[in-house]
Amino acid sequence: ESGDILLALPVISDDVVLGGLIMVHSTLAFWSRFFSLVERAVIIVLIILAILLPVNWYWGRRMALPMILLAKRLSSLGEKLPEDLNPNLYAYNDELGKIFQAFSIMLRELREKAFLEKQMLQSERMAAIGQLSAGLAHEINNPLAGMLMAIDTIKQHGSRDKLTIKTISLLERGLLHIKETTSALLVEAKIKSHPLGRKDIEDVKTLMTPKIQKLSTHLVLENQLEDDISLPATLIRQILINLLLNAIDAAGEEGHVECYISVIHNQFAISVSNDGRSIPENQLPFLYEPFNSMEKTGRGIGLWVIYQIIHQLNGNITANSDKNITLFTVNLPLEESL
């Protein structure tokens with residue numbers, strides 16, 4: 001209770017106890033030394049932490065973070081191909097660096113494999129549509145030949161009044177257009193056709209009239225074509241008809257469709273837009289594949305045929321769609337002769 005520490009030691013010499021020694025120590029001296037040791041220990045620990053924490057942070061940045069990102073990329077492989085890792089994320093040539101290099105090589109080879117599979121699938125679709133179009137052309141052209149012969153007979157031996165002649169001429173142009181359209185399905189074939197003129201565009205507008213009236217669609221068709229140009233009329237009409245039919249269907253009842261036809265810088269241009277439902281962004285890359293229709297009643301062939309015709313004429317087609325407007329633009333060079 002005195003706050004002191006007593007230490008008793010015997011005094012012995014030659015195994016004879018001579019007496020005892022009693023030492024008295026104050027506990028305050030021990031506490032002072034204890035706190036001094038604790039203070040030194042805390043300082044030493046802080047110094048060690050000040051050294052180790054930056055080292056651990058650097059080590060974590062170098063090792064742990066890259067490994068976490070690599071693990072996330074690997075875990076998503078089953079769902080989709082992940083994005084490439086930043087090459088500067090781990091720019092070392094040790095064992096871990098070799099793992100990152102192997103991952104990049106594997107990812108590149110998987111992308112090449114996916115691209116080749118897509119090309120093979122598209123080739124198989126092309127082969128299927130080619131066989132289908134050949135069969136269609138054969139089955140349609142046979143009765144068409146008979147109808148054209150019948151019209152020719154009527155023209156030579158039938159009534160000569162103006163209304164009949166006009167009607168027969170319209171029927172003949174329509175049947176010839178059907179015949180040439182079936183040939184256009186065979187996209188590798190060289191189609192013989194007269195040069196595109198203003199009247200061909202007006203015929204397309206006439207053909208669209210019944211559908212426009214049925215849906216009360218507001219159609220604006222601006223035709224700036226004045227003279228004949230060196231493009232096959234049958235193929236251009238096929239492009240224009242398919243684009244307008246798709247636009248009218250998309251616009252729906254009382255929708256708005258605009259079509260502009262012009263020649264700019266030796267390029268024949270067609271733009272067709274509508275204010276109907278938009279095309280989902282994930283569908284845009286696959287618009288021109290066969291049997292890829294977004295309509296329940298469609299067959300997914302129209303845009304594919306358009307794409308093949310445009311490719312045959314060395315042109316290009318682009319599609320843009322947002323919540324307000326869907327726009328298709330076609331550009332065809334005029335240098336090619338018929």
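Just so you know, residue 1 is the first one in the sequence shown, and it goes up from there. Quick caveat, the model's predicted, so the values are computed rather than measured.
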Would you check if [X] and [Y] make a side-chain contact, meaning some heavy-atom pair closer than 4.5 Å?
X      : Y      : result
Val42  : Leu46  : yes
Val11  : Leu9   : no
Arg237 : Asp203 : yes
Leu171 : Ile151 : yes
Ile51  : Ile47  : yes
Ile261 : Leu240 : yes
Ile241 : Met208 : yes
Gln238 : Ile309 : yes

Taking distance alone, no hydrogens or angles, what donor-acceptor pairs closer than 3.5 Å link side-chain atoms of residues 209-220 to residues at least two apart or in another chain?
{"residue": "Thr209", "atom": "OG1", "partner": "Lys205", "partner atom": "O", "Å": "3.1"}
{"residue": "Thr209", "atom": "OG1", "partner": "Thr206", "partner atom": "O", "Å": "3.3"}
{"residue": "Lys211", "atom": "NZ", "partner": "Asp249", "partner atom": "OD1", "Å": "3.0"}

| query | If you draw a 6.0 Å radius around CD1 in Ile22, do more than 12 non-hydrogen atoms from other residues or ligands fall strictly inside? | reply | no
Check whether any side-chain N or O of [X] sits under 3.5 Å from a backbone N or O of [Y] as a donor-acceptor pair, and report yes or no.
X      : Y      : result
Asn246 : Leu243 : no
Asp275 : Asn324 : no
Arg73  : Pro82  : no

| query | Yes or no on side chain to side chain contact (heavy atoms under 4.5 Å, CB included) for Gln308 and Gln312, after CA distance, side-chain angles and deciding distance? | reply | CA-CA 6 Å; Gln308 298 303 318; Gln312 183 178 341; over 6 Å; no
Hey, what do you get for [atom1] ([X]) to [atom2] ([Y]), rounding to the nearest 0.5 Å?
X      : Y      : atom1 : atom2 : result
Met106 : Ile99  : CE    : CD1   : 11.5 Å
Ile317 : Ile270 : CD1   : CD1   : 9.0 Å
Leu332 : Ile236 : CG    : CD1   : 5.0 Å
Ser278 : Leu284 : OG    : CG    : 9.0 Å
Ile201 : Asn223 : CD1   : CG    : 5.5 Å
Ser262 : Glu226 : OG    : CD    : 12.0 Å

State plainly whether one hydrophobic cluster holds both [X] and [Y], where clusters connect Ile, Leu, Val, Met, Phe, Trp and Tyr through side-chain heavy atoms under 4.5 angstrom apart.
X      : Y      : value
Leu303 : Ile325 : no
Ile105 : Leu110 : no
Leu221 : Ile306 : yes
Val263 : Leu231 : yes
Leu327 : Ile279 : no

| task | Taking all non-hydrogen atoms of both residues into account, name the closest pair between Ala247 and Val272 and its distance. | result | CB-CG1, 3.7 Å
| Non-hydrogen atoms of His25 and Met23 that approach each other most closely |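 Smallest heavy-atom distance, with atoms named: NE2-CB, 4.0 Å.
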| Stepwise side chain to side chain contact (heavy atoms under 4.5 Å, CB included) test for Leu18 and Ser13 | CA-CA 7 Å; Leu18 301 178; Ser13 177; 3.7 Å; yes
| task | List in chain and number order the residues that pass side chain to side chain donor-acceptor pair (under 3.5 Å) with Ser321, two or more places apart in sequence or in another chain; answer none if no residue qualifies. | result |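 If we apply the side chain to side chain donor-acceptor pair (under 3.5 Å) test to Ser321, skipping adjacent residues, the hits are Thr326.
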| With the threshold set at 4.0 Å, does a side-chain nitrogen-carboxylate oxygen contact exist between Lys113 and Glu117? | yes
| message | Using side chain to side chain contact (heavy atoms under 4.5 Å, CB included), reason through Leu74 and Phe103 one step at a time and then give a plain yes or no. | response | CA-CA 9 Å; Leu74 289 172; Phe103 175 77; 3.6 Å; yes
| request: Check step by step if side chain to side chain contact (heavy atoms under 4.5 Å, CB included) holds for Leu287 and Phe328. | output: CA-CA 11 Å; Leu287 282 178; Phe328 283 85; 4.1 Å; yes
| said: What I want to check is whether the side chains of Glu281 and Gln283 have a donor and an acceptor closer together than 3.5 Å. | reply: no
| said: Determine whether Lys199 and Asp228 satisfy the following criterion, salt bridge (Lys or Arg N to Asp or Glu O under 4.0 Å), listing intermediate values before the conclusion. | reply: CA-CA 9 Å; Lys199 183 172 175 41; Asp228 292 354; over 6 Å; no
